[in-house]
Number of protein chains: 2
Amino acid sequence: MTFYDNFLFEEIKKEDFNKMMCCFSPKIESFKRNEIVCDFGKNPGIIGIIRTGTAITVRNSVNGNRTILESLEEGDIFGEAFTVCDKLSDGIYVVCEEDCQVMFMDYRSILHPCSNGCISHSRLLENFFFMLARRSVMLSRRVELLSRRSIREKILCYLSMESCSQKSRKIRLPMSLSNLADYLCVDRSAMMRELKKLNDEKIILSEKKTVTILNSNIETEM
Amino acid sequence: MTFYDNFLFEEIKKEDFNKMMCCFSPKIESFKRNEIVCDFGKNPGIIGIIRTGTAITVRNSVNGNRTILESLEEGDIFGEAFTVCDKLSDGIYVVCEEDCQVMFMDYRSILHPCSNGCISHSRLLENFFFMLARRSVMLSRRVELLSRRSIREKILCYLSMESCSQKSRKIRLPMSLSNLADYLCVDRSAMMRELKKLNDEKIILSEKKTVTILNSNIETEM
DNA sequence: ATAAATCTGTTGCAATTGCAACAAAAGGAG
DNA sequence: CTCCTTTTGTTGCAATTGCAACAGATTTAT
């Protein structure tokens, strides 16, 4: 997969792409597991696109809690939403999970039509818009999840969402249980305890990274 | 304020606006306090713009918890992020706070250039993009807030954000304390208790809807 | 192959939080 | 002004959650 294959350049001709690249002057870098891809505290206004590999957006607070704000995969875009209040971007990083390659660009070069008058710029804008909309949807789901008041509700909400997107009652967890706890913003051991309870009550059946929803009226319980 | 004055139509000529309105076939409706402006469960794919008044996006879960997902003010746009998984839009409503007037449109009519070939459609798209970006930022902040593990951290995070956007240590709360508790997704009485503690510890000074941050290193405590 | 690191699974205990219930204050409607 | 609704402020108690600390399993690195 090349950067050209990214959804951002969908329906844009190769020559227009190359022309636009000159306007954007993008930087391409590679990262290994656990390396810091981007420190928002130091790079406000930057936009990155994951070409290969995976990464996570995390916040490390001074009292030692690590929170996973987002999971990033091939083709995902990051950065455009942390460009408001510098203070709040502090402690937020993108960290490489599986070795990845990333393209960095400046926020404004996408927004403003290039002086070269690249013909496909409006299409680019539209694509970017779609990506933002998708991101907005993802964030809404996240808020939806985090607004649940108890660990049980968070787990069930998460499973319901995954079940929905995986189109099956049998869900394969896309991350480790430790990371899931960080994602749900709860204590890992407390989450394990709750998972066990849900198993005992025969509401779910979980083994390793596979969870099956047994109780059919989960949606109505949330 | 007319709909034409909305940010969505920034830099779009009045005649182009009128022409586009034919393509969008928008519906304009008025609402009184506590009336349901929109039920996402019944209207997927709809987009609304608040012309006057205020509203909130809430989710009523069957076990009686009410969660405020968003506050909507004049010029705000809602709906575009709840168009994924129908099941999850269930129980989510926009409810009128202060009497308001709303314009409803179809999501797709903005995305796709009208067949009439309205000249300003690309500008409209760009404006819509900005609104989405702003929304994305807002949701990120929300996730940022809700990912805090304790009530104390949530309060301090909220105050820090408000202080940042109000550019002052003396903050005027834009909602009632009851609504703030719903916004932070915590029990109201527990929040009151924590507010009292913060006052006792001289970290904040709160009286009615005015809160002053006394301790200067709040950011580092989160 | 072996060591090191990470992840899973458990538990007791303490702290935080939610719940229920109430009284007082404030705000709106007639 | 007076009633009625909403909001604020409090508290005891029970339930949930986080913390700390393990041991075993699994994965990754050398």
Side-chain angles (χ1 to χ4, degrees), chain A residues 32-35 53-54 56 58 61 63-68 95-99 146-157 172-201 204-211 221, chain B residues 32-34 54 56 58 61 63-68 95-99 146-157 172-201 204-211 221:
Chain A
K32 292 198 179 300
R33 187 175 167 78
N34 291 328
E35 277 187 328
T54 59
I56 48 177
V58 299
S61 64
N63 48 20
N65 277 330
R66 193 183 76 134
T67 300
I68 296 187
V95 178
C96 174
E97 281 274 288
E98 297 161 52
D99 295 9
L146 293 181
S147 66
R148 307 290 166 165
R149 312 287 173 107
S150 64
I151 294 182
R152 170 174 290 236
E153 280 188 341
K154 282 179 178 175
I155 293 173
L156 292 178
C157 181
R172 178 137 193 89
L173 297 180
M175 57 179 117
S176 72
L177 290 171
S178 303
N179 278 351
L180 180 59
D182 286 340
Y183 184 76
L184 302 183
C185 298
V186 296
D187 180 73
R188 187 188 61 84
S189 66
M191 185 190 77
M192 298 297 284
R193 191 158 35 200
E194 201 59 44
L195 274 175
K196 204 182 165 210
K197 274 192 205 169
L198 287 167
N199 269 292
D200 291 348
E201 294 176 33
I204 65 169
L205 185 92
S206 70
E207 40 185 1
K208 290 176 183 175
K209 287 194 175 179
T210 309
V211 185
E221 289 196 5
Chain B
K32 291 200 180 297
R33 185 174 167 78
N34 291 329
T54 59
I56 48 176
V58 300
S61 63
N63 50 20
N65 275 330
R66 193 182 77 134
T67 300
I68 296 186
V95 179
C96 174
E97 283 274 288
E98 296 162 53
D99 295 9
L146 293 181
S147 66
R148 307 290 167 165
R149 311 287 173 107
S150 64
I151 294 181
R152 170 175 289 236
E153 281 189 341
K154 283 180 178 175
I155 293 173
L156 291 179
C157 182
R172 177 137 195 91
L173 298 180
M175 55 180 118
S176 71
L177 289 172
S178 304
N179 279 350
L180 180 59
D182 286 341
Y183 184 77
L184 301 184
C185 297
V186 296
D187 181 75
R188 185 189 62 85
S189 66
M191 186 190 78
M192 298 297 283
R193 190 158 33 198
E194 201 59 45
L195 274 175
K196 205 182 166 211
K197 274 192 203 170
L198 285 167
N199 269 292
D200 291 348
E201 294 176 32
I204 64 169
L205 186 93
S206 71
E207 41 186 359
K208 290 178 182 175
K209 288 194 174 178
T210 308
V211 185
E221 288 195 7

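The analysis underlying the following values was restricted to heavy atoms, covering all of them including side chains, and did not include hydrogens, waters or symmetry mates. Here is how names work: the chains are called A, B, and so on, in the same order as the sequence lines, proteins then strands, and each is numbered from 1.
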For a quick test of reading the model, state the closest non-hydrogen atom pair linking B/S178 to B/R188 and the distance between them. OG-CD, 3.6 Å

First encountered from the 5' end of DNA chain C, between B/K197 and A/E207: A/E207

Should A/E35 and A/V95 count as side-chain neighbours, where that means a heavy-atom distance under 4.5 Å? no

Regarding B/S189, tell me which of base, sugar-phosphate or nothing describes its non-hydrogen contacts under 4.0 Å with the strands shown. base

Nearest whole Å is fine: how far is C/dT17 P from A/D187 CG? 13 Å

Would you indicate, yes or no, if C/dT8 has its OP1 or OP2 atom less than 4.0 angstrom from a side-chain nitrogen or oxygen of A/S178? yes

Nearest-Å distance for atom pair CZ/P, residues B/R148 and C/dT17: 14 Å

What is the distance, to the nearest angstrom, from the CD atom on A/E194 to the C1' atom on D/dG18? 13 Å

A/R188 CZ to D/dG18 P, straight-line distance once rounded to whole Å: 12 Å

Starting from the 5' end of DNA chain D, give me the residue, B/A190 or B/R33, whose nearest nucleotide shows up first. B/R33

Is there a side-chain contact between A/E97 and A/M175 (heavy atoms, below 4.5 Å)? no

Heavy-atom closest pair (B/S147 atom, A/L146 atom, distance to 0.1 Å) is N-CD1, 4.1 Å

Send over the distance from A/M191 CE to D/dC19 P, rounded to a whole Å. 15 Å

Let me know the distance between CE of B/M192 and C1' of C/dA25, rounded to the nearest Å. 12 Å

Distance check needed: C/dT16 C1' versus B/I155 CD1, whole Å only. 13 Å

If I take atom CG in residue B/D200 and atom C1' in nucleotide D/dT10, what distance separates them, rounded to the nearest angstrom? 13 Å

Are any of B/K196's side-chain N or O atoms less than 4.0 Å away from OP1 or OP2 of D/dT8? no

